[in-house]
Structures are given as structure tokens and as C-alpha cells.
Amino acid sequence: MADVLILSHVVAGVTTLISGLLAAFFGKKGGELHRQVGLVFYWSMFWIFISALLIISFVRFSAFLLVIAVFSWYMTFSGVRVLKLKKTMMAKPVDWTAAIITLLSGLFFIGMGFSYQLKAEWSSVVGYLCFFFGIFTAQTAWENIKGFRRGANQEKMWWWFAHMNSMCGALIASITAFTVQNGEIFKLPSEMMWLPWVVPTIIGSPLIAYSMNKYRKKFKVGKYAALNN
């Protein structure tokens, strides 16, 4: 049973990579292909989250699996939910509940990071991982909570950018999981084994920022709002 569970987790992981890359780089945003592969990405990420919790609970505990599963699933969940909230931004109980649980989870991951570092005299890679994803998990949830409190008082096309940021963040997390779990294929020397942990973010973050800026210019929002005149 454990082997089947792990295999299904791996298959779902590969599926999220393929569907996520297709959604990000192929087809028109909001078009038929984008929606279809986005749906595949969503449900694959859902199973990654569920199977990760099952593996952690009944097979073996993995701090890496826990933090990246929670972070990537909440990014995916909130990225889809924002499309349902785009007209009124009247967050439902499920949105508040998910955000609060995720915020508390992020703070817990930061605490885990401290625990690992104290035990390893501040030399634990897993400890730094918990810090990194804990901070981003808590920050993401807190930003969404602040958005819920603002209600409909949002900038033009806010939902587009929120959706893009969340889904791209989930994709980067998925790529990070792949590179870390398959780090041996890169034949890196021991002193460079930290690269698979950070390269997806180093490459992905500027790409997200570039895309955000491109669409802000296209929609004439933020610093480009003056282009309407």
C-alpha cells in the first residue's frame, strides 16, 4: 500500500510539472487550453497534498515533504479561489479558514526551522528549508487575509495578478520538489547540493516579476495607470 501511495504521489508530481509548464508557456491565458491544463494542474496538486499527508502520517515523516506540500497546495487553492472572488472579493468561510490554517502552519514551520537549527548548531539544511518556506507560507496567507479585509476595494485586474502569482508560485514549488528529490541526476559536488533548493526560485521569481510588469502595462494599472490619459 505504501508503494502505491508513493507511486501515485510521484505520478501526480510529474503531471503537475507538465500541466503547469503548459499553462504557463503555451496557449492564451484564460483560453481553452489554459483552463483545461489548469484543471489538471489543480487536481494533481490536490492529490500531491493529500498523498503527502498520508505518507507523512503512515509511511515516514519528512519535513521537506510537509512544508512544500502545504505551501504549494495553498498557492494552488488560493489561485483558483481568487477567480471565484474576483467580482466582489467577498471571501467565504472556506477562504478565511484556509488562510488562517496556512498562516499558523507557516509560523509552525518557522518554529520547526529553529528546532532543527538548534539541534544541528545552525547547520541544518532542513532547518533553512523550514525557515524559507515557513516565511513564504505565512506571508502568502497574511497577504490574502489583508485582501479579504479590503473587500472589493482592489486595484483594476487585481484578480489576474493574484491568480498569476499564486499559480506560478505553486509551479516553482513543484519544480523545487522535483529538483531536490532528483538532485543526483545533476551530478553536483557535495558543496553545491544546495543549488537544487534555490535555483527554481532564483530563475522563476524574475520571470514572474517580468510577466507581472508586462500585464500591468497591458492593463494600464499601477505605475502605468497614467497611460489611460
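Of the listed residues (V221, V82, I208), just one forms a side-chain contact (heavy atoms from CB on, under 4.5 Å) with F161, and that residue is V221.
Remark: side-chain polar atoms of Q154 are paired, donor with acceptor, to backbone N or O of G147 under 3.5 angstrom. Put simply, the side chain of S205 never gets that close to the backbone of I202: no donor and acceptor are under 3.5 Å apart. Counting only distance, with no hydrogens or angles, the side chain of K156 and the backbone of F219 share a donor-acceptor pair below 3.5 Å. With hydrogens and angles disregarded, a donor-acceptor distance shorter than 3.5 Å links the side chain of T179 to the backbone of T176.
Here the OG1-CH2 distance, from T16 to W43, works out to 15.0 Å after rounding to the nearest 0.5 Å. K218 NZ to M157 CE: the interatomic distance, rounded to the nearest 0.5 Å, is 8.5 Å. Atom-to-atom distance recorded for L83:CG and M167:CE is 8.0 Å, nearest 0.5 angstrom. Taking CG of D3 as the reference point, atom CD1 of I6 lies at 6.0 Å (rounded to 0.5 Å). Rounding to the nearest 0.5 Å gives a distance of 7.0 Å between CZ of F109 and CE of M112. Rounded to the nearest 0.5 Å, atoms NZ (K29) and OG (S211) are 7.5 Å apart.
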Practice task
Could you go through the salt bridge (charged side-chain N to carboxylate O under 4.0 Å, His left out) check for R150 and E155 one step at a time?
Solution key: CA-CA 11 Å; R150 283 194 298 268; E155 71 173 2; over 6 Å; no
Problem - Worked check of side-chain contact (heavy atoms from CB on, under 4.5 Å) between L33 and K28 - result: CA-CA 7 Å; L33 175 63; K28 180 183 178 181; over 6 Å; no
Exercise for the section: Any chance you could lay out the side-chain contact (heavy atoms from CB on, under 4.5 Å) test for V37 and F26, step after step, and finish with the verdict? Expected result: CA-CA 10 Å; V37 297; F26 298 93; over 6 Å; no
Practice task
Could you walk me through whether V94 and F77 pass the side-chain contact (heavy atoms from CB on, under 4.5 Å) test, one step at a time?
Solution key: CA-CA 11 Å; V94 66; F77 171 81; 4.0 Å; yes
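In this structure, F41 is a member of the same hydrophobic cluster as V14, with clusters built from ILVMFWY side-chain heavy atoms closer than 4.5 Å. Criterion: ILVMFWY side-chain heavy atoms under 4.5 Å apart, direct or through other members. Under it, L21 and I18 are part of a common hydrophobic cluster. Both F25 and F178 belong to a single network of hydrophobic side chains, linked directly or stepwise wherever heavy atoms of I, L, V, M, F, W or Y lie under 4.5 Å apart. Note on M75 and L39: same hydrophobic cluster, where clusters join Ile, Leu, Val, Met, Phe, Trp and Tyr whose side-chain heavy atoms are under 4.5 Å apart, directly or indirectly. Y128 and V198 fall into different hydrophobic clusters, where Ile, Leu, Val, Met, Phe, Trp and Tyr residues are linked whenever their side-chain heavy atoms come under 4.5 Å apart, directly or through other members.
Within 6.0 Å of CH2 on W142 lie no more than 12 heavy atoms contributed by other residues, nucleotides or ligands.
For the residue pair F148 and L85, the shortest heavy atom distance occurs at CE2-CD1, 4.3 Å. Residues T201 and P206 share a closest heavy-atom pair of O-CD, 4.0 Å. Residues S78 and N144 come closest through the heavy atom pair CB-ND2, 3.6 Å. Across every non-hydrogen atom of A120 and S123, the tightest pair is O-OG, 2.5 Å. Here the closest heavy-atom approach between residue M45 and residue S174 is recorded as CE-CB, 4.2 Å.
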For residues 129-141, which side-chain N or O atoms pair as donor and acceptor with protein atoms under 3.5 Å away, sequence neighbours left out?
from: T137; atom 1: OG1; to: F133; atom 2: O; distance (Å): 2.6
from: T140; atom 1: OG1; to: F136; atom 2: O; distance (Å): 2.7

Output a table of donor-acceptor pairs, distance under 3.5 Å, between side-chain atoms of residues 50-72 and any protein atom two or more places apart or on a different chain; print 'none' if there are none.
from: S51; atom 1: OG; to: H9; atom 2: ND1; distance (Å): 2.7
from: S51; atom 1: OG; to: W47; atom 2: O; distance (Å): 2.6
from: S51; atom 1: OG; to: I48; atom 2: O; distance (Å): 3.2
from: S57; atom 1: OG; to: L53; atom 2: O; distance (Å): 2.8
from: S62; atom 1: OG; to: L65; atom 2: N; distance (Å): 3.1
from: S72; atom 1: OG; to: I68; atom 2: O; distance (Å): 2.7
from: S72; atom 1: OG; to: A69; atom 2: O; distance (Å): 3.3

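Identified under the side-chain hydrogen bond (donor to acceptor under 3.5 Å, both in side chains) test for residues 93-104, with sequence neighbours left out: R81-D95.
Aromatic ring centres of W122 and Y116 lie farther apart than the 6.0 Å criterion allows.
Residue V11 is found in a hydrophobic cluster whose other members, listed by chain and number, are L7; membership requires side-chain heavy atoms under 4.5 Å apart, directly or through intermediates.
Residues passing the salt bridge (charged side-chain N to carboxylate O under 4.0 Å, His left out) test with E121, sequence neighbours excluded: none. For H163, the side-chain hydrogen bond (donor to acceptor under 3.5 Å, both in side chains) test picks out no residue, with sequence neighbours left out.
Inter-residue side-chain proximity for Y210 and Y215 is flagged as unmet; no heavy-atom pair is nearer than 4.5 Å.
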